[in-house]
Amino acid sequence: LHVIRAQSSPDYIPDSKFYKVEAILRPWRVQQVSSVRTDKPRPFLFMALLNMGIRGVTVSDVRGFGAQGGSTERHGGSEFSEDKFVAKVKMEIVVSKDQVEGVIDKIMEEARTGEIGDGKIFLVPVSDVIRVRTGERGEKAERMAGGWSDISSAV
Ligand code: ATP
Ligand code: GLN
């Protein structure tokens with residue numbers, strides 16, 4: 001399976017300090033499922049994101065309908081859905097602007113099979129981040145202890 005990357009993007013509009021990367025993906029590409037066989041061993045998306053310093057992630061189980069037309073998704077002989085909507089996972093990751101492309105690359109790398117139904121990524125500008133515990137806003141609230149910024153500034 002050859003690597004396909006997201007095509008290069010012009011500057012995001014509207015410009016923002018933070019963006020939410022919202023990805024609708026195949027559930028079995030996000031987290032390791034014991035019944036899943038893979039062609040080559042690789043960390044699934046959630047582990048891969050943790051490894052790069054992503055600490056804040058929101059995940060929901062959703063059901064969707066797209067170009068896949070709700071056709072039944074099969075993998076390793078097991079059915080993932082029986083009705084017109086296909087079970088997907090929605091991952092929402094708020095990151096600073098300079099981290100967006102890295103997160104998109106990682107999603108492309110780990111979530112792509114090349115088959116219809118791989119999903120879609122939406123990029124949403126985020127006006128502010130407020131940490132409820134402390135009342136911090138902006139960069140201070142968006143930074144996570146031991147997160148990407150900490151890791152890169154420690155180098
Ligand atoms: P604290 O230091 O007070 O624990 P925190 O910044 O570590 O604050 P949490 O309170 O642990 O954040 O976050 C609560 C929930 O918010 C998480 O379980 C996750 O669903 C979501 N979340 C936090 N940060 C992000 C982020 N950057 N992107 C997406 N979801 C996030
Ligand atoms: N940008 C944050 C940091 O560098 C991480 C954000 C996240 O984990 N979603 O610490």
Side-chain angles (χ1 to χ4, degrees), residues 1 3-36 38 40-68 73 75 80-81 85-155:
L1 187 71
V3 175
I4 291 189
R5 294 174 157 276
Q7 289 162 22
S8 66
S9 162
D11 273 344
Y12 313 126
I13 295 174
D15 187 41
S16 184
K17 285 173 95 165
F18 314 110
Y19 290 86
K20 179 168 75 171
V21 180
E22 182 175 313
I24 314 292
L25 304 169
R26 298 181 195 275
W28 58 273
R29 296 304 320 174
V30 174
Q31 273 177 296
Q32 184 89 50
V33 179
S34 59
S35 63
V36 168
T38 46
K40 56 171 177 149
R42 47 180 178 176
F44 281 66
L45 180 55
F46 183 63
M47 282 307 297
L49 290 169
L50 279 180
N51 288 342
M52 66 194 286
I54 294 299
R55 296 287 174 268
V57 178
T58 301
V59 174
S60 339
D61 291 318
V62 296
R63 288 161 9 108
F65 190 96
Q68 193 178 2
E73 198 164 285
H75 185 78
F80 276 75
S81 175
F85 293 94
V86 178
K88 298 286 178 188
V89 160
K90 179 167 77 175
M91 276 195 129
E92 296 168 273
I93 308 166
V94 174
V95 291
S96 59
K97 183 179 186 174
D98 61 313
Q99 297 172 340
V100 169
E101 290 298 315
V103 169
I104 291 173
D105 284 350
K106 194 54 72 179
I107 293 172
M108 294 289 291
E109 189 182 325
E110 301 298 337
R112 202 179 152 273
T113 70
E115 303 291 321
I116 286 170
D118 273 351
K120 209 164 260 190
I121 301 171
F122 306 107
L123 192 52
V124 184
V126 169
S127 308
D128 204 356
V129 180
I130 298 130
R131 180 170 275 125
V132 171
R133 178 172 58 86
T134 59
E136 292 165 301
R137 299 185 77 130
E139 207 168 280
K140 281 185 176 160
E142 190 270 341
R143 290 264 171 98
M144 306 283 282
W148 190 333
S149 308
D150 273 5
I151 291 171
S152 23
S153 62
V155 176

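What you see is a predicted model, and the numbers here were worked out from it, not measured in a lab. When a ligand or atom number is given, it counts from 1 through the structure's own listing order.
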Could you check if a side-chain atom of [X] sits within less than 4.5 angstrom of a side-chain atom of [Y], using non-hydrogen atoms only?
{"X": "K20", "Y": "V126", "answer": "yes"}
{"X": "S8", "Y": "E101", "answer": "no"}
{"X": "R26", "Y": "D118", "answer": "yes"}
{"X": "L49", "Y": "M91", "answer": "yes"}
{"X": "S96", "Y": "E142", "answer": "yes"}
{"X": "V21", "Y": "F122", "answer": "no"}
{"X": "F18", "Y": "V95", "answer": "no"}

Note to self: How about CZ on R131, more than 12 heavy atoms from neighbouring residues, nucleotides or ligands closer than 6.0 Å, or not?
What the structure shows: yes
Next item on the list: Count the heavy atoms of every other residue, nucleotide or ligand shown that sit under 6.0 Å from CZ of R5, and state whether that count exceeds 12.
Entry: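 Open.
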Next item on the list: Ignoring hydrogens and angles, tell me if any N or O in the side chain of R29 forms a donor-acceptor pair with the backbone of R112 under 3.5 Å.
Entry: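 A pair under 3.5 Å: no.
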Margin query: Using the rule side chain to side chain contact (heavy atoms under 4.5 Å, CB included), only one of V103, V100, I104 pairs with I93; which is it?
Written below: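 By the side chain to side chain contact (heavy atoms under 4.5 Å, CB included) criterion, I93 pairs with just one of V103, V100, I104: V103.
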Note to self: Is it the case that ligand 1 has an N or O less than 3.5 angstrom from some N or O of A141?
What the structure shows: no
Next item on the list: Report yes if some N/O of M144 lies less than 3.5 Å from some N/O of ligand 1; otherwise report no.
Entry: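 No, since none of the N or O atoms of M144 sits under 3.5 Å from an N or O of ligand 1.
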Going by the atom numbers of ligand 2, which of them fall below 4.0 Å from some non-hydrogen atom of [X]?
{"X": "W148", "result": "3 (C), 4 (O), 10 (O)"}
{"X": "G147", "result": "10 (O)"}
{"X": "Q99", "result": "1 (N), 2 (C), 4 (O)"}
{"X": "R143", "result": "10 (O)"}
{"X": "I54", "result": "8 (O)"}
{"X": "I93", "result": "9 (N)"}

Notebook entry, point to check: Would you say the side chains of T113 and E115 form a donor-acceptor pair under 3.5 Å?
Noted result: no
Heavy atom of protein inside 4.0 Å of [atom], strictly below:
{"atom": "atom 11 (O) of ligand 1", "value": "no"}
{"atom": "atom 17 (C) of ligand 1", "value": "no"}
{"atom": "atom 14 (C) of ligand 1", "value": "no"}
{"atom": "atom 6 (O) of ligand 1", "value": "yes"}

Starting from [atom], which protein heavy atom do you reach first, and at what distance in Å?
{"atom": "atom 9 (N) of ligand 2", "answer": "V94 O, 2.9 Å"}
{"atom": "atom 4 (O) of ligand 2", "answer": "S149 OG, 2.5 Å"}
{"atom": "atom 29 (C) of ligand 1", "answer": "E92 O, 3.2 Å"}
{"atom": "atom 3 (O) of ligand 1", "answer": "R133 NE, 2.6 Å"}
{"atom": "atom 8 (O) of ligand 2", "answer": "R55 N, 2.7 Å"}
{"atom": "atom 1 (N) of ligand 2", "answer": "E142 OE2, 2.5 Å"}
{"atom": "atom 21 (C) of ligand 1", "answer": "T58 OG1, 3.4 Å"}
{"atom": "atom 8 (O) of ligand 1", "answer": "R131 NE, 3.3 Å"}
{"atom": "atom 24 (N) of ligand 1", "answer": "G56 CA, 3.7 Å"}
{"atom": "atom 10 (O) of ligand 2", "answer": "M144 N, 3.0 Å"}

Notebook entry, point to check: Which option out of V94, I130, V59 puts a heavy atom nearest to atom 27 (N) of ligand 1?
Noted result: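 Answer by nearest heavy atom: V94.
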Notebook entry, point to check: Using 4.0 Å as the upper bound for N to carboxylate O, is an ion pair formed by K97 and D15?
Noted result: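 Salt bridge flag = yes for K97 with D15.
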Check: Looking only at heavy atoms, is any part of V57 under 4.0 Å from ligand 1, and if so is it the side chain, the backbone, or both, or is it neither?
Finding: backbone
Note to self: Tell me the closest heavy-atom pair linking M52 and G102, and the distance in Å.
What the structure shows: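 It is CE-O, 3.6 Å.
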